[in-house]
Student: 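Dropping the structure in here first, questions after.
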Amino acid sequence: MPELPEVETTVRTFRPLVKGRRFVGFTSSWPRQVIPSAPKVDRAISGRKIVKLERRAKQIIFHLDDDSGLLIHLKMSGRLDWLASSGDRARHVRARFRLSGGDTLLFCDARKFGRIRHVADPQAALAHLGPEPLDPAFDSKILAEILHSRKRRIKPLLLDQTVIAGLGNIYSDESLHRANIHPLSLSNRLCWDEIKRLHRSIRQVLREGIKRCGTSFDWAYLGGRMQHYLRVYQRGGKACLACGRPIEVIRVGQRSTHFCPKCQKICK
DNA sequence: TGAATTGTTATCGT
DNA sequence: AACGATAACAATTC
């Protein structure tokens with residue numbers, strides 16, 4: 001499930017391949033994923049040059065030369081592929097972007113949760129998202145304001161994209177473990193020291209994830225190595241690498257949540 | 001077979 | 001009224 005590091009890896013991979021090219025044509029075999037509609041997106045992007053490719057939260061943004069943008073959200077199982085490298089072996093192809101120069105960018109998505117969206121103003125379309133955790137402006141003081149202005153359990157709060165953008169289930173659990181904070185702790189009860197630790201661990205774990213090209217643990221995302229460095233995620237019942245106690249798995253806000261009951265103290 | 005997965009939306013409770 | 005928690009949903013894999 002692509003989170004910030006996986007999407008960042010995707011953007012870094014495809015940036016040199018698409019930059020400066022033009023979209024020539026777009027087709028979809030599952031039009032429900034395309035907003036406003038497949039023919040409208042085709043008309044909107046065809047002939048437009050890609051001036052910049054970037055990531056915001058978990059979304060990929062193709063900035064076009066008329067200031068509009070093509071947004072791709074990979075959601076659970078979405079993936080970009082390059083037709084030239086995968087040939088006819090690419091599985092679950094849902095959309096094709098023909099590019100100038102003759103290459104084709106594929107959008108593959110087994111579960112069809114991903115979304116392809118054309119917007120006139122990408123900035124406005126993404127304005128609801130919270131701050132980027134790796135932005136230099138995101139300091140521990142800002143995190144403290146975010147946490148203290150709400151009274152919510154810290155785990156679901158970290159997953160809320162309007163609060164902080166880019167964390168998913170894996171990197172939330174890893175951040176909390178590295179900061180020694182219990183996932184059920186209330187946001188307004190965290191002390192200054194805990195907030196500083198959380199700020200540090202969020203940025204650390206995301207940077208490490210990017211360095212290792214993301215986390216691969218099933219067919220949905222391949223090529224990453226971060227799965228070998230996770231301390232709690234999908235390690236339920238196994239020994240905590242810090243204290244040896246078994247990692248517990250609980251359900252928080254309909255999400256599986258992994259933590260060490262000894263290392264991660266609760267703040268109610 | 002059903003659990004797991006993301007983010008949005010609707011709904012219920014405080 | 002505003003905020004937070006909760007459930008349903010889209011669709012597929014193992």
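In this text, all values refer to a predicted model and were calculated from it rather than measured experimentally. Letters A, B, ... are given to chains in the order of the sequence lines, protein chains preceding strands, and every chain is numbered from 1.
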Student: Could you list by number each residue of residues 165-177 of chain A showing a heavy-atom separation from DNA chain C of less than 4.0 Å, or answer none if no residue does?
Tutor: none
Student: Give R255(A) one of three labels, base, sugar-phosphate or nothing, depending on what nucleic acid heavy atoms sit under 4.0 Å from its own.
Tutor: base
Student: Take V11(A) and I61(A), measure what side-chain contact (heavy atoms from CB on, under 4.5 Å) needs, and give me the verdict at the end.
Tutor: CA-CA 9 Å; V11(A) 164; I61(A) 313 174; over 6 Å; no
Student: Closer to the 5' end of DNA chain B via nearest nucleotide, is it M76(A) or T162(A)?
Tutor: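 Of the two residues, M76(A) wins.
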Student: Would R203(A) pass as a cation-pi partner of F138(A), given that its NZ or CZ must be under 6.0 Å from the six-membered ring centre and within 45 degrees of the axis?
Tutor: no
Student: Between F97(A) and F107(A), is the ring centroid distance below 6.0 Å?
Tutor: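 Here the rings of F107(A) and F97(A) have centres that are no less than 6.0 Å from each other.
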Student: On DNA chain B, which is the earliest and which the latest nucleotide, 5' to 3', with an atom closer than 4.0 Å to a heavy atom of chain A?
Tutor: dA4(B) to dT8(B)
Student: Quick one: which of I45(A), I72(A), L71(A) gives a side-chain contact (heavy atoms from CB on, under 4.5 Å) with F62(A)?
Tutor: I72(A)
Student: Specify the residue among F113(A) and G253(A) whose closest nucleotide of DNA chain C lies further upstream toward the 5′ end.
Tutor: G253(A)
Student: Is the distance between the ring centroids of H182(A) and F259(A) less than 6.0 Å?
Tutor: yes
Student: Under the side-chain hydrogen bond (donor to acceptor under 3.5 Å, both in side chains) test, which residues partner Q33(A), sequence neighbours left out?
Tutor: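 Only D109(A) meet the side-chain hydrogen bond (donor to acceptor under 3.5 Å, both in side chains) criterion with Q33(A).
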Student: Taking atom types as modelled, is there a side-chain donor on S68(A) or H118(A) under 3.5 Å from an acceptor on the other?
Tutor: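 The answer is yes; a qualifying pair exists.
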Student: Could you check whether S77(A) gets within reach of a base, just the sugar-phosphate, or nothing at all, counting any heavy atom under 4.0 Å?
Tutor: nothing
Student: Check each residue of residues 118-133 of chain A for a non-hydrogen atom within less than 4.0 Å of any atom in DNA chain C, then write out the ones that pass by number, or none.
Tutor: none
Student: Ignoring hydrogens and geometry beyond distance, is a side-chain donor-acceptor pair present between N169(A) and K155(A) at under 3.5 Å?
Tutor: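 Yes - a donor-acceptor pair under 3.5 Å links their side chains.
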Student: With no hydrogens and no angle check, just 3.5 Å: does a side-chain donor-acceptor pair link H63(A) and E54(A)?
Tutor: yes
Student: How about CG on D65(A), more than 12 heavy atoms from neighbouring residues, nucleotides or ligands closer than 6.0 Å, or not?
Tutor: yes
Student: Decide whether D173(A) and H258(A) meet the rule of one side-chain donor and one side-chain acceptor closer than 3.5 Å.
Tutor: yes
Student: Going 5' to 3' along DNA chain C, which nucleotides are the first and last within contact of chain A (any atom under 4.0 Å from a heavy atom)?
Tutor: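 Contact boundaries, 5' end first: dG4(C) to dC14(C).
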Student: Can you see whether E6(A) engages Y171(A) through a side-chain donor-acceptor pair at a distance of less than 3.5 angstrom?
Tutor: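 Short answer, yes.
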Student: Between the opening five pairs and the closing five pairs of the helix from dG2(B)-dC14(C) to dT14(B)-dA2(C), how far apart are the helix axes, to 10°?
Tutor: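 Computed angle between terminal axes is 50°.
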Student: Under 4.0 Å between any heavy atoms, over every strand shown, what does R94(A) touch: base, sugar-phosphate, or nothing? Just pick one.
Tutor: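 Since no nucleic acid heavy atom lies under 4.0 Å of R94(A), the category is nothing.
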